[in-house]
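Note sheet for the following structure.
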Amino acid sequence: MIGYLTMLENEFNFTEQINLKATLDGGQAFRWHYDGGGYRGTVGSQVLWVYEDEKNTTVSYINNSKSQIDRRLVSKYLDLEFDLEIFSNKYSKDKYINSKIKQCSGLRILKQDPWETTVSFITSSASNVEKIKKNINDLCIFAGERLGDGRYDFQFPSAEQILDLGEEELRKMGFGFRSPYIIDAARRMSIGKLNFRFIEDADYEDSINHLMEIKGVGKKVADCILTYGFGRRDSFPVDRWVRRGLVGPMGFNSKKTNEQLSDMARTKYGLDSAYVQHYIFYGEKTKKKNLEYI
DNA sequence: ACTCAGGGTCGAC
DNA sequence: GTCGACCCTGAG
């Protein structure tokens, strides 16, 4: 993969703290690939290459067809306006949360495309990150528009493109029992029954219920879609990893269901819910076995 | 070769 | 509210 060097005028850098590996390839997004010292992926119809050195982080546009770099879009995507220092200070006295923030400092929550996020987290159920990545990237390669000359330079397919593919093709690609769920989401999307504008303006309950009308979307997946696709901060997805942190070191009642735990955590953490949850998720997932948190 | 579980959810009881 | 089924894949 050489050839970036001719494009280097199409780039910008920033100094906000960010942990690229944890943020781009830590289980919230599935289409960033480590390549040549940085991460290559797409945002919308742009192919990006992101890398860091001692001083700052650089975002480079590989296939920039426009003359202007849309810095604001990338900033929003990476959630650079979120003040990690304030967040960190706020929980400095909470032994467990503080240890998780220290464990993976620079971890941010991405603001991804809602449609891609919806399909990705339907795909995630009873799966694992490696398989989700394989499924989602195969789908993009097979049904999405090519954006660049890289192995993974594809735009995420539209609802119509996925409908054209059909359930059987999804099964052949390895989506398994999730295939009809993805078709249901695509059908709702294409007829306007799945309405992202509504979700953007609705309160938490209404947003969750709207998403849960999709087959294969339960409370947990709906929470993930709101967190990683809509930038909501009052959502608290509870999966097996987060549950482990909540009922273990954080002392929540282990008899509660994940849904109950989510409600309790939302009440407790309010608008910090999404970030607290994500630090628990990533921290628990990457924790070395047989190593206590302190 | 065989079992098991991985960012859950659905439908029947 | 509980429980098995659901597809596939890599690890033990």
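Letters go in sequence order (proteins before strands), and every chain restarts at 1.
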Establish, for the pair A:Arg108 and A:Phe82, whether the NZ or CZ atom is under 6.0 angstrom from the six-membered ring centre and no further than 45 degrees off its axis.
no
Atom [atom1] of [X] to atom [atom2] of [N]: distance rounded to whole Å?
X: A:Glu259; N: C:dT2; atom1: CD; atom2: C1'; result: 15 Å
X: A:Lys220; N: B:dT9; atom1: NZ; atom2: P; result: 7 Å
X: A:Ile182; N: B:dG8; atom1: CD1; atom2: P; result: 15 Å
X: A:Ile132; N: B:dA5; atom1: CD1; atom2: C1'; result: 14 Å
X: A:Glu167; N: C:dC7; atom1: CD; atom2: P; result: 9 Å

At under 4.0 Å between heavy atoms, what does [X] touch on the DNA or RNA strands: base, sugar-phosphate, or nothing?
X: A:Tyr282; answer: nothing
X: A:Glu130; answer: nothing
X: A:Gln277; answer: base

Please report the C-alpha distance between A:Phe121 and A:Val217 in whole Å, then the side-chain angles of each, then the deciding distance to 0.1 Å, and finally whether the side chain to side chain contact (heavy atoms under 4.5 Å, CB included) criterion is met.
CA-CA 8 Å; A:Phe121 282 91; A:Val217 176; over 6 Å; no
In terms of relative ring orientation, are A:Phe177 and A:Tyr181 parallel, tilted or perpendicular, with 30° and 60° separating the classes?
perpendicular
Atom pairs under 3.5 Å: protein N/O with N/O of nucleotides 10-12 of chain B:
residue : atom : partner  : partner atom : Å
B:dC10  : OP1  : A:Gly216 : N            : 3.2

Paired with C:dC8: which nucleotide, if any, by Watson-Crick or G-U wobble criteria at under 3.5 Å for both distances?
B:dG6
List the steps, then state whether side chain to side chain contact (heavy atoms under 4.5 Å, CB included) holds for A:Tyr279 with A:Tyr96.
CA-CA 10 Å; A:Tyr279 270 91; A:Tyr96 176 72; over 6 Å; no
Expressed in whole Å, how much space separates the P atoms belonging to C:dC7 and B:dA1?
25 Å
Under the 5.5 Å and 30° test, is A:Phe177 stacked on the base of C:dC7?
no
Counting distance only, does the side-chain N/O of A:Ser92 pair as donor-acceptor with the main-chain N or O of A:Asn89 below 3.5 Å?
yes
Table of protein N/O atoms under 3.5 Å from nucleotides 8-12 of chain C N/O atoms:
none

Minimum heavy-atom distance A:Ala159-A:Ser190, with the two atoms named
CB-N, 4.3 Å
What's the shortest heavy-atom distance between A:Lys215 and A:Asp184, and which atoms?
N-OD2, 2.9 Å
The single option from A:His278, A:Gln112, A:Lys111 passing side chain to side chain donor-acceptor pair (under 3.5 Å) against A:Tyr228:
A:His278
Given side chains that start at C-beta, do those of A:Asn135 and A:Leu170 come closer than 4.5 Å, heavy atoms only?
no
